[in-house]
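In what follows, chains carry the letters A, B, and so on, assigned in the order in which the sequence lines appear, proteins first and then strands, with residues in each chain numbered from 1.
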Amino acid sequence: MCLGIPGKVIEIAEGGTTATVELFGARVKVALDLVEGVEPGDYVLIHAGYALQKLNLEHARENLGVWEEYLCLHKQG
Amino acid sequence: MSAQTRLIARIKESALTVADSLGRMPVMMEVCGTHTVSLSRTGLRDLLSDYIDLRSGPGCPVCVTDYADIDHMIAFAEQEGVAVATFGDMIRVPGSRCSLEVARAKGASVKMVYSPLQAVEYAEANPGMQVVFLGIGFETTAPTVAMSLFEAQKRKLSNFSVYSVHKLVPPVLKGLLSSEDISVDGFLLPGHVSTVLGRAELDFVASEYGIPGVIAGFEVDDLVVAIDQLAMLIKKRTSRVVNAYQRVVREEGNPRAKAAVERCFTPADASWRGLGVIPKSGLALREEFAALDAARRFTLNVPRSRPPRGCRCAHVLRGHIRPTSCPLFAKQCTPSSPVGPCMVSSEGACAAYYNYDYAGHV
């Protein structure tokens, strides 16, 4: 029910209230009323037709692969 | 050895240390249906089953919807000139007489939407019909329903209303944490509810109740990291709420989303299936939006509802029993012929266990 899907913002419509977002290769229209400062190229979390949060890519990259680093950090901490 | 394998090994190590001191396996509870499914689908629940008791709590908003509320939803749909618009999750869930799906087959008007905005558009395109949107879901979904109320106001629609049965996560967590019969050593906290609420609003789990919690994402890597962190916290007896889903969850959440909910709704007592009435755990429409409140727009005479006999969803939702311990599980109650809501909803604990964990044991 609380399913959220990350998508890449391709284009923001005039007025800035909706965006075209790419999701698994498909393009969908998403409402931007609940987020601030979204620009083309950003990734957003989408829920029930609304962008709910802008993704922090730095943290995403950290999560994407650096397990070794994570383990080392954890051992030191 | 891959990093992930090493993490799994470390989780097992922490769990064994905890088990030595407690004399039983540590119990971690997830309170999010998407986590319930992810833990089953990825095989993590099974992989760790000898080390950690990963138990499902009341994390599926559809499953915790009271029979009386579902009976009301069906009654709306059965009214002449009324269409009920809803997320697909709700359609198959049985009330005490039938489900929206069965009511639709008998002629009731039920429209499935994936966004509340679609329901507004549907109302605008069908001015001769009253459209009731079913406001179900936790903090994640409520802001999108709030936006549909603003939108209906802006478009001056007199044929759109919302039946709010939204539920709030902090009050139910407080209810669980205050009950005497709960033995949970740590919580895997819902990533997308936290996206709206923020880590700070879930800090009470540790600061008031002394139980650690980790906000988790939904990919297998997210879950492994979160379980590892939670196992560490339990082992070190550190009660903190840690955010392990930082790419999405911020300390203060999403202020815009919270403000939208605050403008439309006010916390109200709500009845949870299996848990009873929990004070201020639901959302009622504010007076300013009374004209868009389906509960006030329609007067319905709905008979008193009764839960199905033998169904133990109430115990599953409180984490008292695993789905497999219910006498109906995989016998009278299966996803194709469900008795209780936890087997109907794709995010219900019983359906997740049936589809993923149980399949291997047949």
Side-chain angles (χ1 to χ4, degrees), chain A residues 1-9 12-13 15-21 23-24 26-38 41-77, chain B residues 2-4 6-7 10 32-35 37 59-63 87 89-90 113-118 136-141 143-147 150-151 190-193 195-196 217-219 221-222 224-225 228-229 232 244-250 253-257 260 345-347:
Chain A
M1 178 86 223
C2 291
L3 199 66
I5 305 165
K8 186 179 183 178
V9 177
I12 295 177
T17 55
T18 59
T20 305
V21 173
L23 281 178
F24 306 116
R27 292 192 174 193
V28 295
K29 205 175 94 175
V30 165
L32 295 179
D33 309 73
L34 297 172
V35 284
E36 279 174 76
V38 170
D42 286 341
Y43 281 82
V44 287
L45 183 85
I46 302 154
H47 174 73
Y50 284 83
L52 211 52
Q53 191 58 277
K54 194 162 105 173
L55 264 68
N56 180 329
L57 284 190
E58 255 170 62
H59 285 298
R61 277 192 208 100
E62 273 169 31
N63 242 46
L64 279 175
V66 280
W67 291 95
E68 295 297 330
E69 271 181 40
Y70 168 79
L71 276 172
C72 290
L73 280 174
H74 217 68
K75 272 180 189 159
Q76 288 161 12
Chain B
S2 80
Q4 199 170 345
R6 281 165 61 185
L7 268 186
R10 201 171 69 180
C32 168
T34 319
H35 279 157
V37 173
C60 161
V62 168
C63 304
F87 294 120
D89 310 58
M90 201 72 224
V113 293
Y114 99 102
S115 166
L117 210 49
Q118 281 181 305
I136 49 168
F138 292 140
E139 285 88 342
T140 320
T141 313
T144 69
V145 179
M147 293 313 298
F150 297 143
E151 200 56 38
H192 292 152
V193 165
T195 302
V196 171
F218 301 91
E219 301 301 323
D221 291 356
D222 290 324
V224 171
V225 168
D228 174 52
Q229 294 205 1
M232 283 283 189
Y245 192 31
Q246 290 193 39
R247 67 181 181 279
V248 181
V249 176
R250 316 273 184 266
N254 180 337
R256 262 198 199 202
S345 167
S346 58
E347 293 197 340

Checklist line | Region of A:Leu45 in contact with chain B, defined by heavy-atom distances below 4.5 Å | finding: side chain

Next item on the list: Identify, with sequence neighbours excluded, every residue that meets side chain to side chain contact (heavy atoms under 4.5 Å, CB included) alongside B:Ala146.
Entry: B:Ala260, B:Cys264, B:Phe265

Next item on the list: With sequence neighbours excluded, tell me which residues meet ring-ring contact (aromatic ring centres under 6.0 Å, His included) with A:Tyr43.
Entry: none

Report which part of [X] has an atom under 4.5 Å of a heavy atom belonging to chain A: side chain, backbone, both, or neither.
X	answer
B:Val196	side chain
B:Thr144	both
B:Val193	side chain
B:Gln246	both

Notebook entry, point to check: Just by modelled atom types, is the A:Asp33 backbone N or O under 3.5 Å from a matching donor or acceptor in the B:Arg256 side chain?
Noted result: yes

Note to self: Below 4.5 Å, heavy-atom pairs only: which of B:Val37, B:Val113, B:Val248, B:Val249 has the largest tally toward chain A?
What the structure shows: B:Val248

Next item on the list: Flag the one option from B:Glu347, B:Gln118, B:Arg250 with the top tally of heavy-atom pairs under 4.5 Å to chain A.
Entry: B:Arg250

Item checked: Parallel, tilted or perpendicular: ring planes of B:Phe218 versus B:Tyr245, cut at 30 and 60 degrees -> perpendicular

Notebook entry, point to check: Is B:Arg6 paired with B:Asp228 through a side-chain N to carboxylate O contact shorter than 4.0 Å?
Noted result: no

Notebook entry, point to check: With chain B, which of A:Leu3, A:Val44, A:Val35 has the greatest number of heavy-atom pairs at distances under 4.5 Å?
Noted result: A:Val35

Margin query: A side-chain contact here means heavy atoms from C-beta on lying under 4.5 Å apart; do B:Phe87 and B:Val62 qualify?
Written below: no

